[in-house]
2 protein chains.
Amino acid sequence: MSETWGIAELAAEFGVTTRTIRFYEDKDLIAPERRGQRRVYHLRDKVRLQLIMRGKRLGFSLDEIRAMVDLYDADPTEVSQLRLFLDKLRERKGLLTIQREDIDQVLKEIAAREAQCERLLSEKQTGAKRASN
Amino acid sequence: MSETWGIAELAAEFGVTTRTIRFYEDKDLIAPERRGQRRVYHLRDKVRLQLIMRGKRLGFSLDEIRAMVDLYDADPTEVSQLRLFLDKLRERKGLLTIQREDIDQVLKEIAAREAQCERLLSEKQTGAKRASN
DNA sequence: AGCTCACTTTACCTTGACGTCAACGGAAAG
DNA sequence: CTTTCCGTTGACGTCAAGGTAAAGTGAGCT
């Protein structure tokens, strides 16, 4: 029998509150099994949560994230749907590519500042040593 | 004489409303010159706006963005400040590095799905052709 | 039976990031 | 002088993403 989890376990594991997880359910981001009135989470729910968290780290809104995870386990069979699906994928790809470029740019700038800081620091240190002799 | 801009020009250029730009000023993200009661934006303001927009694309809050742009034109002279500054830079770097990895991961997955879609599409097309002969 | 514990729903509250609307200022054009 | 623009401040509205508090359910222990 495959492993399942309670809401508190998942919350702890992902570092969010149970409220948050229920909220996501309310927004149709996940749909756990119910056993009586309790929620029971399977592996697929965990995977979805994983995707959601990644989406959040990337700054997407819950609506966007839902669209993405829905893409994830959609299985378009008709050709028209398939085309639409491909379009969405490419749109997503475009956005992420821009984000990547943004990040690369910032990382470069940070690296430059970092180097500059380190230079300054070592200068001031040797300066201090010399002054204390 | 160096070029300047009005609020509406900048708003159009960055694809936001004037309200948004004033809001950023209210939150101390920019501080344009005043000529009478009108705001006059110089190149440095444009650059700051550029940084702000990038920050937003990367999903940072306005508070975080202010911290970042302040870092940008800060010039820490004391050694203690310099160390703190370096720490902040490295923290930022860590976050962005994680984001980059997230993006790379997602891009990979998208690429796979894309390829799969294209395969399916071309199959269905040749299938349709064959069926129409 | 009473108690605890984990979980549930319902409902209102908060914070961030703006949108919207009202009321007004000044300059430039007809 | 009136109209037309563009701009201003200030107050209130709104939407997303949860926080928080209240009150209840059910299983299991003692």
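Below, chain A is the first sequence line, B the second, and so on; all start at residue 1.
A donor-acceptor contact under 3.5 angstrom links the side chains of B/Glu109 and B/Gln105, judged on distance only.
Close to D/dG19, at under 4.0 Å from its OP1 or OP2, lies a side-chain N or O of A/Thr17. At C/dG16, none of the side-chain N or O atoms of B/Lys56 fall inside 4.0 Å of OP1 or OP2 (strictly under the cut-off). Within the 4.0 Å cut-off from OP1 or OP2 of C/dC7, not a single side-chain nitrogen or oxygen of A/Thr18 is found. Between A/Lys27 and D/dC15 there is no side-chain polar atom (N or O) within less than 4.0 angstrom of OP1 or OP2.
With rounding to the nearest 0.5 Å, the separation of CD in B/Glu13 from CG in B/Leu49 is 9.0 Å. One finds the NZ atom of B/Lys46 at 7.0 Å from the CG atom of B/Leu43 (value rounded to the nearest 0.5 Å). In this structure, CD1 on B/Ile30 lies 8.0 Å from CG on B/Leu10, to the nearest 0.5 angstrom.
Under 3.5 Å, the side chain of B/Arg38 and the base of D/dG7 form no donor-acceptor pair of N or O atoms.
Projected onto DNA chain D by closest heavy-atom contact, B/Tyr41 and A/Leu62 fall at different nucleotides, the more 5' of which corresponds to B/Tyr41.
In this structure, B/Ile7 places its CD1 atom 9 Å from P of D/dT9, rounding to the nearest Å. Note: CG (B/Leu10) to P (D/dC6) measures 15 Å, nearest angstrom. Going from atom CZ of B/Arg22 over to atom P of C/dG19 covers 11 Å, rounded to whole Å. Rounded to a whole Å, the OH atom of A/Tyr24 is 14 Å from the P atom of D/dA16. A straight line from CZ of B/Arg57 to C1' of C/dA17 spans 18 Å, rounded to a whole angstrom. In this structure, the CD1 atom of A/Ile21 is 17 Å from the C1' atom of C/dT9, given to the nearest Å. The distance between atom CZ of A/Phe23 and atom P of C/dT14, rounded to the nearest whole Å, is 17 Å. Between the CG atom of B/Asp26 and the P atom of C/dC18 there is a distance of 13 Å, rounded to whole Å.
Across all strands shown, A/Arg39 has heavy atoms under 4.0 Å from sugar-phosphate atoms exclusively, and none from any base. Using a 4.0 Å heavy-atom cutoff across all strands shown, B/Arg34 reaches sugar-phosphate atoms only and no base atom.
With C/dC7, D/dG18, C/dA17 as the candidates, the nucleotide lying closest to the side chain of A/Thr20 is D/dG18. Closest to the A/Gln37 side chain, of the nucleotides C/dC18, D/dT25, D/dT20, is D/dT25.
Both the sub-6.0 Å distance and the 45° axial angle are not jointly satisfied by A/Arg66 relative to the ring of A/Tyr24.
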